[in-house]
Structure formats: structure tokens, C-alpha cells
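Labels below follow one simple rule: chain letters A, B, ... track the order of the sequence lines, proteins then strands, and each chain is numbered from 1.
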Number of protein chains: 2
Amino acid sequence: MNRITIKDVANLAGVSKTTVSHVLNQTRFVQEETRQRVLKAVEELGYRPSSIARSLVSKRTKTIGLLISDVGNPFYPDVILGVEEVALANDYSIFLCNTNYDLQRALKYIHTIIDKSVDGVLFMSSSMTLEMVEEVTKHQIHAVVLDWGAMNLEEMASTITINFEVGIQQAIQHLVEIGHRYIAHVSGPLNLWTAQVRRDAFLRALQKFGLDWENAVVIEGDLRIEGGRKALDELMKLDPRPTAVFTANDLMALGLIWSARNYQLNLPADLSVVGLDDIDLSSKVTPPLSTVAMPRNEIGKMAMKMLLELIEAGDSGSKQKVMVDTAFVLRQSTAPLL
Amino acid sequence: MNRITIKDVANLAGVSKTTVSHVLNQTRFVQEETRQRVLKAVEELGYRPSSIARSLVSKRTKTIGLLISDVGNPFYPDVILGVEEVALANDYSIFLCNTNYDLQRALKYIHTIIDKSVDGVLFMSSSMTLEMVEEVTKHQIHAVVLDWGAMNLEEMASTITINFEVGIQQAIQHLVEIGHRYIAHVSGPLNLWTAQVRRDAFLRALQKFGLDWENAVVIEGDLRIEGGRKALDELMKLDPRPTAVFTANDLMALGLIWSARNYQLNLPADLSVVGLDDIDLSSKVTPPLSTVAMPRNEIGKMAMKMLLELIEAGDSGSKQKVMVDTAFVLRQSTAPLL
DNA sequence: TTGAAAGCGCTAACAG
DNA sequence: CTGTTAGCGCTTTCAA
């Protein structure tokens, strides 16, 4: 019992493969009566056209590669959902490529998706290199790159950059307005471009509000819960102690908050904390976390749409560069300085 | 500038396509000197064989579909990682199919992956029907189904069933040993098979330890953080109040714990809580959550391995039915009853 | 030790 | 209004 092919349908309907193809794709007029016969045969046999065969001739697979660092990172779910939503609506399938923060692994995925002739790839992992984008585009595969400003990929790919500046500034402004003058930062690993960007935005915000940014306390963290706990340990050693802390992501903020109990700290009264990301959890913990949010779902949708545009446009399309803003979300992890 | 094909390589090397194919696949002996010429041509042109064309003839795509409910559900990351690990090791790619708890959407994905001729599919979503498995297998696509005992798919698919009985029993035993006699349960939506299984296991455990299981308090939750909060509201209305609560998943346990502050409850002294899942977070919150754990990463690996076996075996292979155990993990969200 | 040719399932000129 | 034919890029008999 083999796969049912277009030929089987043609035979059963008593027409040529061509006609079957045309009624299925509505690509030329077919006598209503013939059309019905074909449709009936299709129905009867449960025929489904082979995407493989189609792709071989059309040079299109209706498939994209999604390169992310870590499915477990709470940053991704919303983004993926956005990507998926527009992919699904346009009948695109998604190859999941989880780099697990590993360049070798990313590279292997790049090769696989080139071999599989995807129509495009979404680079959403920090574990990537310029060469990967080059490799991919060399094989006429389109790309859009998320928040990876370290490199200049002008005409190679569309890009989405997240503007942390505005949200971070709002956050610091809020802290200043409620009386804080001594604000520390827990950064991500500073070899990461995105960690530097956030730290620099933080420093600039301090400067803007007339605080001592040159001697600002910056503790390097790991972007995970554990990093937040360790950061608090550092903070507690300081004398005087900062009255507020801004962390490079929510996970560290949460770790810090949860660790505060061990020091008999009463949050937010004894220490105000602001995160960044606005992951799902943040609004649900006690106290709900004030944070710098970005429209993750929108970012996902936008990325996929941009990729679609590149694909539709073929080589003629020029690459877009868009920037998306962040915004401070006030919840209850910050309190006025008494 | 078109795709580089095997023909280009053949021309450059001055041999036939056949020979190129054979050296690349090591499928028959080729004179060392010729072999080198071919390899050199491949290198020079940056040639990569088209998986599409290969699949068309081999009837294998080295691709599987991964059907899950919700990327954001903390149950999945570890499982996915496991799946991916063995997939990657065997050069399989993964189509991400996120049903979003939506049957229609699941169905659409089923059709897509049938069209794309995946070699197998991993059903890991509760949003699925027996028909989907039938549909898939009818198209000679192999399947393994995770924890979905509601139906009898004997010879259609391999299955992995999670044995909640043992872990839940351990959990209740622990609570009983530290003095609890009045233990409530927060279940999942009881129309879900898996929610019933857990509740029943809970009830049987009560019975086993001589507690009043017939009048046991079971509050129906939504498996989300919010559900935990609401459940605590219900619990607080009870008089007398249960001294311990077992929730059907960790998310609800956490919601309950975080909500406890609003009632000035001191955890775990005033209320012991035990979750189920052992999601990453659970060990990292304060107090760390005692919970019923399952080897999620192992489950992912196992599922993919079982699928691989089905694929390799072709139709001859018989379907495996495996069961994986759960185990109670003692942390600090439970306390002896004074 | 290597090639020629057929064919995987489909689409798209080109004919009629 | 419909069919014949070539070909997408590869693998695999069969033959030499």
C-alpha cells in the first residue's frame, strides 16, 4: 500500500495529471463537470499532494528555521507564539532550532536548514555569528535578525532592534521621583552585546538625572535566578547600601526578591527592585514586579512578517531595519524612600 | 545565480552524476583519484545535496513533527530539550507544532505535517484526538503518544504513560508522617484525563493511609498560577481548614504560596503545600517547593528514541508501551503539624 | 571501476 | 477546454 499520488487521482477521474493539478491549484479553468469528478476522486482516495514534490519544482518549501537559544528562557514563549501565529496564517511551517547557547550546535542547524531549503530563517539567538547569516544568504535564504546590533549586516538581513534606552530611562526616572539616589545595576554577562547595551542605557539614565554614574555599582550576573540571589549577597556587603536596584532581566530580579527573605529584608520598603523583560511570571509573584517591558508577541509577529516580505519580494526586496520601544511598567516592587 | 546541483559537481569533476552520488553517500567503491576530484569539486563549489530531492526518492525526510500544547508551559522545555538532543544526534529536524490548546489548530498542523511527509510525530499535547493518530498512521507516519491514556491506541502508536500513583503516594505518606490528617487537593480541569488520574491517585493515597477520602476536599483549578490563588481563597473559607494541600501541578502550588501572604499565612507552618511536576522554578523560589517529580528530560529522550525505533523498523516494528515513574521530592514547603 | 537512463510526484510550457 | 512532455535534483538499477 503505497502513497496515493496525483496519478492515482487522474486515473480514477479519467483525466490527465495536468488537469488534476490545475483543479487543485486553481491555476486554469476546468469544466465544472470534470472538476467535480476530480474533486470526488481526491476525496475518495484521501489524496494529499506531496509538498516534497511540489517544493522540488517550485523551489519553495513554505518552511522557515527558527533559531533560538533556549526554549526554557521565559523570554521566548510569547515571541514564538507571535511567530507561529503569522506563520500558520500563511501556511508556513517552523523548524525548531534550539542552539542551547552553543555555537557548534547553531552551525549544525544552519547546515541542516540550508540542506532542507527553508525559505527563510529567524535569528533569535545570541549564539550566532555573522558568518552564519552570510552562509545562509549565500544560499539565497532570507533572514531576519533580532536584537543583535553588534554587527553590520546592512544588506544581508532585515533587523529588529529593541530600544532599551527609553524604558530604562523611565524606570530610573520613576525611582528618582520616589526619592532614590543610590541605584545599583545587576547586569548580564558583559561579553554579551545586549548586556552592554542595557548597562550603558542604565548609566546614561543615571547621568541624565544627575546621579553619580561614574561610580555606579554594577554587579555582573548570569541572567538567571541564581544570579539575582548572588547579586543580593554582594549588595548586602555594601555600606552604604543602595536603596534600589535595576536588574538586566526579570529572572534575576525575582531571584533577588526571593533571596531577600534570608536577609530579613522587607520588600519593597527596604529595597526597591526593577526588572526588565516583563515575563509572564513577573505580574504574578508577590509583590508583583515593576519592570521594563517590551511587546514580545508583537516582536514575534513582526519578525515573521518581515521575513515573509523578504520571501515574497525575492531578491528585489530591500532589507528593513525596525526598532521597537520598551516601556516601564509600574507594579509593586518599588516604594518611596522614606 | 542558481542552486548548485550534483550536475555542476559532476561536470567540474569530469564524472557522471552517479559517481558523485556514490562518493557522497559512500555507497559503492570509487577510485581514490576520482574520489578526490569529486570531493575537490564539491568543496570548490560549496555544494550541498538537496534534501528535497533526496526525500523524493528515498521517501524519508529525516523530519518529525512535535505536537505540544503551549511552549510557555514550564513542563515542556526539558522535554523538548530531550527530544531535540536525540533528534539532533540522529540528524532529524523538528517541526514545531504548538496547538495552543486548540483542536482546530492541531488538526491543521496534522495536515501540514502529513503533506510535508514527516517520518514521525510526537503527540505531547492534550489537545488531540484519536482521529489525529489514525489520520497520521493511515499515511504511514509513525507516532508516539505521551501520557494520554484516555484511549486505546494499541497497535497504532508507541506510548509513554506517567505513573503518578507512586509519587503521589509518597507525597501523601510524607504529609501523614509529619502529622497531617486533613489534606486537600487542587485538581486540574476535571474534563482532562490527566487531571482525573491525579485526583484518583490522590484519593487512593488518602484511602491507603486511612484518611477520609470519601469526604476529601477537591477544588478544581486551571493548572495555572491564578488557579492556585483562587484555590487558596476557597481553602480559607473552610472551617476547619485543611492543614496541607496537594496541587495537581507546581504552577498552582506556587500561586497558592504567593497568595498566602495576603492572608498573613506563614508557610509552611500554617499550611503545608506539595506540588507536582518539579518545574525549574520550584527549587528556586522561597520556600523551595516540595513536589512530585518526573524525569522530564528523560521522557523527551525516550519518546524520540521510541519514535526512531518505529521509523527504522518500518511497518514490522511493534509498538512499545512504557511507563515512567514519579517520585516525591522533599523541600521546604511542608512542615510537621504541631 | 564507471555511466546511462529511469523514475520519485509534481508543475508548467507548449500543443491541440 | 484538456493532454503530452520535459524537467526539478537526486538515487539506483542495469549495463558496460
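Across C:dA4, C:dA6, C:dC8, the shortest atom-to-atom separation from the side chain of B:Lys17 is found for C:dA6. For A:Lys59, counting side-chain heavy atoms from C-beta on, the closest listed nucleotide (C:dC10, D:dG9, C:dT2) is D:dG9. Proximity note for B:Val30 (side chain, C-beta onward) versus D:dT11, C:dT11, C:dT2: the nearest is C:dT2.
Atoms CG (A:Asn25) and C1' (D:dT2) sit 16 Å apart, rounded to a whole Å. Between the NZ atom of A:Lys62 and the C1' atom of C:dC10 there is a distance of 17 Å, rounded to whole Å. Rounding to whole angstrom units, CG of residue B:Leu56 and C1' of C:dC8 are separated by 4 Å. Taking atom CZ on B:Phe29 and atom P on C:dT1, their separation rounds to 5 Å, with Å as the unit. The CZ atom of A:Arg37 sits 12 Å away from the C1' atom of D:dC1 (whole-angstrom rounding). The distance from atom CZ of A:Arg35 to atom P of D:dC1 is 13 Å, rounded to the nearest whole Å. Distance NE2 (B:His22) to P (D:dC14): 13 Å, rounded to an integer number of Å. We find that NE2 of B:His139 is positioned 16 Å from C1' of C:dG9, with the value rounded to whole Å.
We find that A:Asp91 and A:Lys62 are not joined by a salt bridge, their nearest charged nitrogen and carboxylate oxygen being 4.0 Å or further apart. Salt-bridge annotation for B:Lys40 and B:Glu43: absent, with no side-chain N of the basic residue lying under 4.0 Å from a carboxylate O of the acidic one.
The shortest distance between the side-chain N/O atoms of B:Ser21 and the OP1/OP2 oxygens of D:dT11 is below 4.0 Å. Between A:Thr34 and D:dT2, a side-chain N or O to OP1/OP2 separation shorter than 4.0 Å is present. Applying the 4.0 Å criterion to OP1 and OP2 of C:dG9, one finds that A:Thr5 has every side-chain N and O outside that range. For the pair B:Arg3 and D:dG9, the criterion of a side-chain N or O lying under 4.0 Å from OP1 or OP2 is not met.
Residue contacts for B:Ser50: at a heavy-atom cut-off of 4.0 Å it reaches the sugar-phosphate backbone alone, with no base atom in range.
Between the base of C:dA12 and the side chain of A:Thr27 there is no donor-acceptor pair shorter than 3.5 Å. Taking 3.5 Å as the limit, the base of D:dG9 and the side chain of B:Arg48 contain no donor-acceptor pair of atoms between them. A donor-acceptor contact under 3.5 Å is not formed by the side chain of B:Thr19 with the base of C:dT1. Side-chain to base pairing of B:Thr18 with D:dT12: one donor and one acceptor N or O lie within less than 3.5 Å of each other. Taking 3.5 Å as the limit, the base of D:dT2 and the side chain of A:Arg28 contain a donor-acceptor pair of atoms between them.
Residue A:Glu131 places its CD atom among more than 12 non-hydrogen atoms of other residues, nucleotides or ligands, all under 6.0 Å distant.
Side-chain atoms of A:Ser93 and A:Thr63 include no donor-acceptor pair closer than 3.5 Å. A donor-acceptor pair shorter than 3.5 Å can be found between the side chains of A:Arg3 and B:Ser117. Using modelled atom types, one finds no donor on one side chain facing an acceptor on the other under 3.5 Å when comparing B:Glu84 with B:Tyr92.
When each of A:Val15 and B:Pro49 is assigned the nucleotide of DNA chain D with its nearest heavy atom, A:Val15 is the one assigned upstream, toward the 5' end.
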